[in-house]
Protein chains: 2
Amino acid sequence: MSTISKENYLKAIFIEEVERNSHVPVNILSAKLGISQAAVSDMSKKLANEDLLDYQKYKGLKTTQKGRNIALDIIRKHRLWEVFLTNTLGYNCDEVHDEAEMLEHSTSTKLINKIEEFLNFPILDPHGYPIPDKNGNFPNTREIINFSQVEVGKFYEVARVNDENKEVMNYLTKIGIVLGEKLFIENSLEFDKTLIVKIRGNSIAISSQISEIFSVSLVEGA
Amino acid sequence: MSTISKENYLKAIFIEEVERNSHVPVNILSAKLGISQAAVSDMSKKLANEDLLDYQKYKGLKTTQKGRNIALDIIRKHRLWEVFLTNTLGYNCDEVHDEAEMLEHSTSTKLINKIEEFLNFPILDPHGYPIPDKNGNFPNTREIINFSQVEVGKFYEVARVNDENKEVMNYLTKIGIVLGEKLFIENSLEFDKTLIVKIRGNSIAISSQISEIFSVSLVEGA
DNA sequence: AAATAAAATTAAGCAAACTTAAATTAATAA
DNA sequence: TTATTAATTTAAGTTTGCTTAATTTTATTT
Ligand SMILES: [Mn+2]
Ligand SMILES: [Mn+2]
Ligand SMILES: [Mn+2]
Ligand SMILES: [Mn+2]
């Protein structure tokens, strides 16, 4: 049986396994969910018994096809709610994540399909993450790279911003890193990978830690 | 702490205590929530300890001011969601109750206030129940009476239909008892209180059991 | 008023989802 | 390779919200 807790586990595991392209260590998930490792270990066994996780002791966690279907369903609900809150109700995009984190578990398939239609089938959420369709398929989107991978002398556009930490989001917004914003890479400092970036006419420095948490797409011939 | 379970208890108790105008017996709540009497008895103690219920052994249940505030908040969320599902997303009104029953527990104050504004501050839900405002006050509405109280020879308009039983709702819809429908009381059978009603040009019989589950308002000088 | 029935409570137990502490396994470093 | 550290699992215990069964209280009949 699927519960709120299990849905949160499956979603977090799926997102993490895709990013790492391999099994997710228990301690990573534990930190991400803010739940003890013992509890994660316990729950993993249960999810594996329900054929939702591929799990062997000490080998980390990965969703099965069945588990992935649930994860994608929750991700779809989460991201569509975020669009609804932003576009229809006028939320700021740093205020939608926590609401969506709750709503995603109280939303029937019928309801989310109606919301999707009402919103005119958006393909990206307010932070730039892609929204799976009702069959769990992601839309085709522009190629994006993490900001730490940019090259000096090129133009980029902010394409995706991490949405899980409000403090971080606020900081990014303050320095002008918001979805769709254009920027030019002026320089990269050798010793610590700090990037000097021209954005809205100002030159600012962006530390390597900050660079990790947002992504951009290349603006051709700019 | 307020949980989904406690919210459901408080809402059900409040609605029932208002209808009865007195404390709610444990067995009634038990039946209404589909939970054993033992569990209700247990939970009542906990809610009373949190000063949410006025409860003494064997004396039945009633919300305190504090409990009533929570109940009204949940009722407000429930009914506003029902309006949203019906008016904005095109649900039939017999399909909204179960969805709202879930959503009501995953909705922040901020969110429901935005929804209310988006819907232009409706005062009735799709079944004719009044929606409390953000201070927990009910709107002024037309006087309504239960259909079992109507008088022969008068015109009425359907003003409220029970929304908790889908089967019942479907039946009512089938015989034409839908919100706003006009009807004329032709006769009342002495022995079993069956009412003969002219509705949409047809005369139909409505049993006393059916009469109990919807309400009407008098149409003056019709 | 006593007997019976109904309602409510108490008792005992269970499953879910956590916790902390102890034990075990795996990874890393000397 | 052995010692140390880090990651993971197991064990034991808690809280919430239920269950059924037994007991007690209250209400209804006779
Ligand atoms: Mn989010
Ligand atoms: Mn969630
Ligand atoms: Mn309802
Ligand atoms: Mn509910």
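Hydrogens, waters and symmetry mates play no part in the numbers below; they use all other heavy atoms, side chains included.
Computed from coordinates, the A/L10 CG to C/dA17 P distance equals 11 Å when rounded to whole Å. Whole-Å rounding puts the B/D42 CG to C/dC14 P distance at 16 Å. Following rounding to the nearest Å, B/Q56 (CD) and D/dT25 (C1') show an atom-to-atom distance of 15 Å. Atom-to-atom, CG of A/L33 to P of C/dC18 comes out at 8 Å; the value is rounded to the nearest Å. B/N27 places its CG atom 12 Å from the C1' atom of D/dA27, with the value rounded to the nearest Å. Separating the CE atom of B/M43 from the P atom of D/dT19 is a distance of 11 Å, rounded to the nearest angstrom. Taking atom OH on A/Y58 and atom C1' on D/dA6, their separation rounds to 12 Å, with Å as the unit. When rounded to the nearest whole Å, the span between CG of A/L47 and P of D/dT9 equals 13 Å.
Phosphate proximity of D/dT10 to A/K45: present, with a side-chain N or O under 4.0 Å from OP1 or OP2. Note on A/Y55: a side-chain N or O is less than 4.0 Å away from OP1 or OP2 of D/dT9. The side chain of A/S5 contributes no N or O atom lying less than 4.0 Å from OP1 or OP2 of C/dA16. Within the structure, a side-chain polar atom (N or O) of B/K57 is placed less than 4.0 Å from OP1 or OP2 of C/dT10.
Note on B/K6: only backbone sugar-phosphate atoms sit closer than 4.0 angstrom, heavy atoms only; bases stay farther off. A/S36 comes within 4.0 angstrom of a nucleotide base, judged by non-hydrogen atoms across all strands.
Within a 6.0 Å radius of NZ in A/K59, other residues, nucleotides and ligands contribute 12 heavy atoms or fewer. Within 6.0 Å of CG in A/N140 there are 12 or fewer heavy atoms belonging to other residues, nucleotides or ligands.
Taking 4.5 Å as the limit, some side-chain heavy atom of B/M43 sits within range of a side-chain heavy atom of B/S5.
No side-chain donor from either of A/D125 and A/H78 sits under 3.5 Å from a side-chain acceptor of the other.
Nearest to the side chain of A/Y9, among C/dT9, C/dC18, C/dA16, sits C/dC18. Of the candidate nucleotides D/dC18, D/dT9, C/dC18, C/dC18 has the atom lying nearest to any side-chain atom of A/I35. Listed candidates were C/dA7, C/dC18, D/dT20. Nearest to the side chain of B/Q37 is C/dA7.
We find that A/E117 and A/K134 are not joined by a salt bridge, their nearest charged nitrogen and carboxylate oxygen being 4.0 Å or further apart.
Toward the 5′ end of DNA chain C lies the nearest nucleotide of A/T3, the other residue of the pair A/T3 and A/A38 mapping further downstream.
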